[in-house]
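Below is one structure, written out as structure tokens; the observations come after it.
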Protein chains: 2
Amino acid sequence: MIQEKKAQPLLDYIRRFVTLTHEEETIVLSSVKYRKYLKGQYIVQQGDVCKYSSFILSGCTKTFYVDDKGQEHIIMFAIEDWWTSDIGSFITQTSADYNVQCLETTETIQFSYYAQEELLQKVPKLERLFRMMLERAFVASQKRIVRNFSLTAKEQYLHFKEQYPEIEQRIPQYMIASYLGITKEFLSKIKSQLASE
Amino acid sequence: MIQEKKAQPLLDYIRRFVTLTHEEETIVLSSVKYRKYLKGQYIVQQGDVCKYSSFILSGCTKTFYVDDKGQEHIIMFAIEDWWTSDIGSFITQTSADYNVQCLETTETIQFSYYAQEELLQKVPKLERLFRMMLERAFVASQKRIVRNFSLTAKEQYLHFKEQYPEIEQRIPQYMIASYLGITKEFLSKIKSQLASE
DNA sequence: AAATAATGTTAAACTAGATTAACTTTTATT
DNA sequence: AATAAAAGTTAATCTAGTTTAACATTATTT
């Protein structure tokens, strides 16, 4: 059982969506595990089954895909108060398409697939929490598709900077380029263009 | 109250995720409305609040976004047994970013925002249904982002044909080009290349 | 059957962004 | 402080996909 103090950010997060009794909160805390990763370690590896859905207490991760040509494509970043996993692998318990790697020392609270299923039986209110989280995630994902289609690389970069100023500070530029789907050289060009404007 | 016969595809769909009692099924049917749209009509219009989440009994829709330059970008198609709406607008009841237009005469079963909230109170099991639907939708959306980044236009077209052969038949090519994020001219070139291989 | 609108094709000129490669700056390690 | 490794820059060349524009084919309407 995780200490309530450590789990405070998770409880705060949950409260934004549903109201749990103290007893229900206790059940949640008894279903999860605390785990700390070092910089460079993998939470999920392409090919493995994704066993956990992880809530981030501190640190930063990137989720990426290595394609047939060996190219790395960053799908998302995650920082404090975000969730990360390979959901496709997690929900079907089949091998993961993506890697989740820590870019900093990262503290997490983890829900295992089976613990989560059991937890949802015991605290059905959490179905609502997950439903609402997924609604938001899906909407954000759709919006990203639209941006990909309708904005130039420069516009996408400006949008990223505006939407995630904290992430932009913490992460090397070449990873931001990968997230935007452009090369690091081209992002560099965009930045020098912006600087001279 | 919708006739049980008409709602059969919806009930079958729900049964793939959760098991409802007959009484619960009746509550579901009493919360929804049947509505038929003609070809060309809009289920949702950019700027309006999206009032309904629609399950498609027959027909076909496109969801698209018109950008600042007046360009239309198709985000998704939907056919029988799929759901369509502007989820972002639906869940927050704020104005929609997207249009949903019928490409054929389209019969739907619709959940209004308020009816759905009420329904979820009465039949909490449905939270699980929606959670699972959204998991799948989110995974599919993420995969599309990855394909956008890692496949050429030709590869994406082949993937589309393979994954949605029925849709490819029913829809004009220029809309498929829009869905893939390329021009109709370039799709035409790809097709002639493929034909001469 | 003719006319119109919608859809699809071809080809030339163009451009956003990729590739390659050499170089500079910053950060981490000894 | 010196060295190595990681991250970022610049510039020339290249290419996948766009734009423009004219034309061809297929549906739809009268």
Side-chain angles (χ1 to χ4, degrees), chain A residues 38-41 60 62 64 66-74 77 101-105 145 147-161 167-197, chain B residues 38-41 60 62 64 66-74 77 101-105 144-161 167-197:
Chain A
L38 300 177
K39 183 174 172 172
Q41 288 189 315
C60 179
K62 66 171 174 181
F64 65 101
V66 179
D67 70 21
D68 307 335
K69 297 138 210 153
Q71 269 243 296
E72 179 176 319
H73 303 276
I74 296 181
F77 298 109
Q101 189 181 19
C102 299
L103 300 176
E104 302 171 3
T105 301
I145 291 173
R147 284 196 303 273
N148 257 297
F149 284 149
S150 53
L151 302 186
T152 63
K154 191 198 251 181
E155 289 166 332
Q156 287 190 60
Y157 171 63
L158 289 172
H159 176 270
F160 179 83
K161 262 182 71 163
I167 295 182
E168 215 241 335
Q169 298 311 312
R170 282 161 84 164
I171 280 170
Q173 242 185 74
Y174 73 92
M175 290 189 193
I176 292 169
S178 171
Y179 176 83
L180 297 176
I182 61 178
T183 58
K184 60 190 194 329
E185 290 85 356
F186 193 56
L187 179 53
S188 192
K189 198 169 172 181
I190 288 169
K191 286 190 82 172
S192 81
Q193 258 177 54
L194 287 171
S196 72
E197 272 172 28
Chain B
L38 299 178
K39 183 173 173 173
Q41 287 189 315
C60 179
K62 66 171 173 179
F64 65 101
V66 179
D67 70 22
D68 308 333
K69 297 138 211 154
Q71 268 244 294
E72 179 175 318
H73 303 276
I74 296 181
F77 298 110
Q101 189 181 19
C102 298
L103 301 176
E104 302 171 2
T105 300
R144 188 160 165 217
I145 291 173
V146 170
R147 285 196 302 274
N148 258 298
F149 283 149
S150 52
L151 301 185
T152 63
K154 192 199 251 180
E155 289 167 332
Q156 287 189 62
Y157 172 62
L158 289 172
H159 176 271
F160 180 82
K161 261 182 73 165
I167 295 181
E168 215 241 333
Q169 298 310 313
R170 281 161 86 163
I171 282 171
Q173 241 184 73
Y174 73 91
M175 290 190 192
I176 293 170
S178 170
Y179 176 83
L180 297 175
I182 60 178
T183 58
K184 61 191 198 324
E185 290 85 357
F186 192 55
L187 179 53
S188 191
K189 198 171 173 181
I190 287 169
K191 287 191 82 171
S192 80
Q193 259 177 52
L194 287 170
S196 71
E197 273 173 22

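By convention in this document, chain letters (A, B, ...) are assigned in the order of the sequence lines, proteins followed by strands, and residues within each chain are numbered from 1.
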Discussion item. Nearest heavy atom decides the nucleotide; on that basis, is T183(B) or K39(B) closer to the 5' end of DNA chain D?
Written reply: T183(B)

Worksheet item: S188(A) or Q71(B): which one's nearest nucleotide on DNA chain D is closer to the 5' end?
Response: S188(A)

Worksheet item: Hey, mind stepping through R170(B) and F77(B) against side-chain contact (heavy atoms from CB on, under 4.5 Å) and telling me if it holds?
Response: CA-CA 11 Å; R170(B) 281 161 86 163; F77(B) 298 110; over 6 Å; no

Discussion item. Without decimals, in angstroms, what is the distance between L151(A) CG and dA16(C) P?
Written reply: 15 Å

Response to the item:
With the side chain defined as heavy atoms from C-beta on, F186(A) is closest, among dT7(C), dT19(C), dG17(C), to dG17(C)

Discussion item. Tell me whether the side-chain N/O atoms of T152(A) come closer than 4.0 Å to OP1 or OP2 in dA16(C).
Written reply: no

Worksheet item: In whole angstroms, how far is the C1' atom of dA13(C) from the NZ atom of K189(B)?
Response: 12 Å

Worksheet item: Taking atom P of dA27(D) as reference, at what distance in whole Å does atom CG of L103(B) sit?
Response: 17 Å

Item to complete: Using a cut-off of strictly less than 4.0 Å, decide whether S192(A) has a side-chain nitrogen or oxygen near OP1 or OP2 of dT9(D).
Response: no

Worksheet item: Rounded to the nearest Å, what distance is computed from the CG atom of residue L194(A) to the C1' atom of nucleotide dT10(D)?
Response: 16 Å

Discussion item. Whole angstroms only, please: what is the CD1-P distance between I182(B) and dG8(C)?
Written reply: 13 Å

Worksheet item: Given atom NZ of K154(B) and atom C1' of dG17(D), what is their separation to the nearest angstrom?
Response: 14 Å

Worksheet item: Without hydrogens or angle criteria, can the side chains of Y157(A) and E168(A) be said to hold a donor-acceptor pair below 3.5 Å?
Response: yes

Worksheet item: Atom CD of Q193(A) to atom C1' of dT9(D): distance rounded to whole Å?
Response: 14 Å

Worksheet item: Is any side-chain nitrogen or oxygen of Q173(A) closer than 4.0 Å to OP1 or OP2 of dA6(D)?
Response: no

Worksheet item: What is the distance from NZ of K184(B) to C1' of dT10(C), rounded to the nearest Å?
Response: 12 Å

Worksheet item: Can R144(B) be said to sit on top of Y179(B)'s aromatic six-ring, NZ or CZ under 6.0 Å from centre and within 45° of the ring axis?
Response: yes

Discussion item. Quick check: on DNA chain C, is the nucleotide nearest Y174(B) upstream (toward 5') of the one nearest E185(B), or the reverse? Name the residue that is more 5'.
Written reply: Y174(B)

Worksheet item: What is the minimum heavy-atom distance between E155(A) and L151(A), and which atoms define it?
Response: OE1-CA, 3.3 Å

Response to the item:
Rounded to the nearest 0.5 Å, the CG atom of L103(B) sits from the CD1 atom of I167(B) at a distance of 10.0 Å

